[in-house]
Amino acid sequence: MRTSQYLLSTLKETPASAEVISHQFMLRAGLIRGVASGLYTWLPTGVKVLKKVENIVREEMNRAGSIETLMPMVQPADLWEESGRWEDYGPELLRIKDRHQRPFVLGPTHEEVITKLVSFELNSYKQLPLNLYQIQTKFRDEIRPRFGVMRGREFLMKDAYSFHLSQDCLEKTYQNMHKAYCRIFDRLGLDYRPVLADTGSIGGDASHEFHVLAESGEDDIAFSDSSEYAANIEKAEALAPQGERPSATQELTKVATPDVHSIDEVSAFFKTSNDKVAKTLLVLGECEEGETAPIIALVLRGDHELNEIKAEKIAGVAMPLTMATDEQISAAAHCDAGSIGPINLDIRVVVDRSVEYLNDFICGANETGYHFTGANFGRDINNYEVADIRNIVAGDPSPCGKGKLTIKRGIEVGHIFQLGDKYAKAMGAAVLNDSGKNQTLTMGCYGIGVSRIVAAAIEQNHDQHGIIWPEAIAPFKVVIIPMNMHKSARVKETAEKLYAELTAAGVEVLIDDRKERPGVMFKDMELIGIPHSIIVGERNLDNEEVEYKNRRSGEKSTLKIADVNNFITEK
RNA sequence: CGGUGAUUAGCGCAGCUUGGUAGCGCACUUGGUUUGGGUCCAAGGGGUCGCAAGUUCGAAUCUUGCAUCACCGACCA
């Protein structure tokens, strides 16, 4: 490709709307342009990268025995009514009508379509297991799109669905997909980790997310420092403290604490630390429609944060988790939010494992402006349940039993999980088994955010000058940068010869044949992040040489012109 | 959806307080100059100042409403 005949579209300045580095470089290097919030046009260079990611995903899915299909983005509403998600999915599902006023949705995912398909196409156990995938555009009407294509509303996704008669068979495919995902991210050249993930409402143990590690990631990942254990913080279990709870040494004492509300204020008032204070949050419990929701108290140590996923899983707690309003708080605890405590509270009380271990702690007295000191379980509080409801913090013991946890940020680029029979049951996907009986299928589903990978790769591979593409997904492998080609016939001739040779050898090569000063070319090519540069200048031609520069290492060397082709081809 | 801020040329911004014919840098075009790290000089083209209403002789500027965008929060297979 010649830059003179290409659409390079680089920007010198960073558009003000781009917050994260990948978004800035994607705009500056001419990979994407915004069209509306969360919607982007992919420019030629961006498309080249996107296609490379897509092809690696496709090759490895094919290799793993998955079969490519393509489903429509626009899906009829009745499929979603059949699965129950027309009601459940919420406003993230974009609902549209056709000219006949018939309702449709823009597909945020394709479980409905694929399961319906399979229910028609499969009749016999002999056709199982089956694993189908597609690489296709999804639309999710995110509340807040951000970070460019990292969280866009329209994005490219690879989604695969597998169908089985037995859990055993599903687990085999699941493991196979796990391996295929590792191969994909290995080939992409990314620093990634498979981590245990929450399975949502489906339950079961088997769900993994694949995270690219980067500071700008939106998820917290917990790692053991001495084992392979890694889990999304939503999922990571906080173990109960070891040993016996220390016994009570103080009397329960009510202390006036005027204008003291937050945990920080409480611990400052009592000149102690947050971990000696219990905070009590009131949430709504489940109830029948029209009834008044019961209120449930969740008690955490002052220095810990509530894990909403864990809290939602407690039987009787409303899903989604809903905090009580001020009115509900004063009705249930007879005080303001800043003075709630578990003592003499006549509602259901769930305390975190770490709280139960406390002795002589401080908590609200359920009377506005008062706190208790010297609170103790067993003596002052007897009616309570214990559960794991907090986020783990760095330094907690690993749930696997080995080592302590550290926390890093990750970008979720893949997610695999075992779906069970939720959709198969709803959409009537069943086959005759070997005893001639109708049997509902069990499913797995496996997603990769293809467009998000492009952004994640940049987050992980850049410097102050621009992108440093991993070799496998670079838009071009090599760029030829001629110095003052329009002045020097020798330079032009050599650059053109190398361009022809490399092109003939099947190398993706870009030649910068613009009439630009060298500095402009260098800056642009570094911004775009092409891994290898060949610089052709008068300076080296007398020796039949050109200069080579590596984008990642910065390493420079001179090459004999005759050796360039082999040198680049072997890279 | 709550909070914050923004909206003036393709991009980055000034002008608004104190109303009076719309500016700067980059990019673009032309000519010259320069040529191994975003040269320099000159001349150009490009904007009904987000939209609507109001105040006023006169509105980018003041008032009101709306829209869009971004950030923080909540939310998120």
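When reading the values below, keep in mind they use all heavy atoms of this one structure, side chains included, and skip hydrogens, waters and symmetry mates. Convention: sequence-line order gives letters A, B, ...; per-chain numbering from 1.
- Judged by Watson-Crick or G-U wobble contacts below 3.5 Å, the nucleotide B:rU21 has no partner.
- When both pairing distances are held under 3.5 Å, B:rC16 makes no Watson-Crick or G-U pair with any nucleotide shown.
- Residue A:Pro518 places its side chain closer to B:rU35 than to any other of B:rG38, B:rA77, B:rU35.
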A:Thr10/A:Asp524 under side-chain hydrogen bond (donor to acceptor under 3.5 Å, both in side chains): CA gap, chis, key distance, verdict: CA-CA 7 Å; A:Thr10 53; A:Asp524 270 347; 2.9 Å; yes
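- For A:Lys560 and A:Glu544, the salt-bridge test fails: no basic side-chain N is under 4.0 Å from an acidic carboxylate O.
- Taking atom NE2 of residue A:His208 and atom C1' of nucleotide B:rA77, one finds them 16 Å apart after rounding to whole Å.
- For A:Glu516 against B:rG38, a side-chain-to-base donor-acceptor contact under 3.5 Å is absent.
- By the salt bridge (Lys or Arg N to Asp or Glu O under 4.0 Å) test, A:Arg58 is found to be paired with A:Glu54, A:Glu68, residues two or more places apart in sequence or in another chain being considered.
- Across the strands present, B:rG47 finds no partner; the criterion is a Watson-Crick or G-U wobble pair with both atom distances under 3.5 angstrom.
- Nucleotides B:rA67 and B:rC28 place their C1' atoms 31 Å apart, quoted to the nearest Å.
- Using a 4.0 Å cut-off between charged nitrogen and carboxylate oxygen, A:Arg390 and A:Glu237 do not count as a salt-bridge pair.
- Here the nucleotide nearest the side chain of A:Phe147, chosen from B:rC69, B:rC71, B:rA77, is B:rC71.
- As judged by a 4.0 angstrom heavy-atom cut-off over every strand, A:Met525 is placed among residues making no nucleic acid contact.
- Comparing the C1' positions of B:rG25 and B:rU35 gives an interatomic distance of 24 Å, to the nearest angstrom.
- Across the strands present, B:rU56 finds no partner; the criterion is a Watson-Crick or G-U wobble pair with both atom distances under 3.5 angstrom.
- Tested against A:Tyr423, the residues A:Glu112, A:Arg85, A:Glu82 include a single side chain to side chain donor-acceptor pair (under 3.5 Å) partner, A:Arg85.
- For B:rA70, its base never sits under 3.5 Å from the side chain of A:Arg146 at any donor and acceptor pair.
- Nucleotides B:rA6 and B:rU17, compared at atom P, are 16 Å apart to the nearest Å.
- Sequence order on RNA chain B of the closest nucleotides to A:Asp219 and A:Gly148 puts A:Gly148 first from the 5' end.
- Distance check: A:Asp512 CG to A:Ile480 CD1 gives 10.5 Å after rounding to the nearest 0.5 Å.
- Among A:Asn232, A:Val195, A:Ile411, the single residue meeting the side chain to side chain contact (heavy atoms under 4.5 Å, CB included) criterion with A:Asp219 is A:Asn232.
- Separating the CG atom of A:Leu27 from the P atom of B:rG10 is a distance of 16 Å, rounded to the nearest angstrom.
- Contact annotation: A:Lys487 does not reach the phosphate of B:rU35 (side-chain N/O to OP1 or OP2, under 4.0 Å).
- Distance from the side chain of A:Glu308 is smallest to B:rA74 among B:rG38, B:rG36, B:rA74.
- Nucleic acid contact class of A:Glu526 (heavy atoms, under 4.0 Å, all strands): base.
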Criterion side-chain contact (heavy atoms from CB on, under 4.5 Å) on A:Asp159 and A:Gln134, from CA distance to verdict: CA-CA 6 Å; A:Asp159 47 328; A:Gln134 65 171 346; 3.1 Å; yes
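- Nucleic acid contact class of A:Asp159 (heavy atoms, under 4.0 Å, all strands): none.
- Among the heavy atoms of the strands, none lies under 4.0 Å from A:Gly447.
- B:rU55 and B:rU63 have their C1' atoms separated by 7 Å, with the value rounded to a whole Å.
- Considering only the side chain of A:Glu412, B:rA77 comes nearest among B:rC26, B:rG37, B:rA77.
- Annotation: B:rG45 and B:rA27 have their C1' atoms spaced 13 Å apart (nearest Å).
- With a cut-off of 3.5 Å on both pairing distances, B:rA74 has no Watson-Crick or G-U wobble partner at all.
- With hydrogens and angles ignored, a donor-acceptor pair under 3.5 angstrom links the side chain of A:Arg151 to the base of B:rC76.
- Between the side chain of A:Glu538 and the base of B:rG36, no donor-acceptor pair under 3.5 Å is found.
- Toward the 5' end of RNA chain B, the nearer of the two residues A:Arg28 and A:Arg517, judged by each one's closest nucleotide, is A:Arg517.
- Not a single donor-acceptor contact under 3.5 angstrom links the side-chain atoms of A:Lys549 to the base of B:rG36.
- With a cut-off of 3.5 Å on both pairing distances, the Watson-Crick or G-U wobble partner of B:rG31 is B:rC41.
- Candidate nucleotides B:rA77, B:rG38, B:rU35 were compared by shortest atom distance to the side chain of A:Asn484, and B:rU35 ranks first.
- Contacts of A:Asp141 with the nucleic acid, taken as non-hydrogen atoms under 4.0 Å apart, are absent.
- OP1 or OP2 of B:rG12 has not a single side-chain nitrogen or oxygen of A:Thr14 nearer than 4.0 Å.
- Remark: the separation of the C1' atoms in B:rU68 and B:rG36 is 46 Å, to the nearest Å.
- The residue A:Ser37 sits close only to the backbone: its heavy atoms come under 4.0 Å of sugar-phosphate atoms, none of a base.
- Partner assigned to B:rC26 is B:rG10, using Watson-Crick or G-U wobble distances below 3.5 angstrom.
- Taking A:Arg539 as the reference, nothing meets the side-chain hydrogen bond (donor to acceptor under 3.5 Å, both in side chains) condition, with sequence neighbours excluded.
- A:His486 comes within 4.0 angstrom of a base, heavy atoms only.
- Counting any heavy atom pair closer than 4.0 Å across all strands shown, A:Ile535 reaches a base atom.
- Checking B:rG36, B:rC71, B:rA77 against every side-chain atom of A:Arg140, the shortest atom distance belongs to B:rA77.
- The same atom, C1', is picked in B:rU4 and in B:rA9; the two are 28 Å apart, to the nearest Å.
- Rounded to a whole angstrom, the distance from the C1' atom of B:rA22 to that of B:rC49 is 8 Å.
- Across B:rC76, B:rC13, B:rG37, the shortest atom-to-atom separation from the side chain of A:Ala16 is found for B:rC13.
- Out of B:rG12, B:rA70, B:rG36, the shortest distance to the side chain of A:Glu13 is found at B:rG12.
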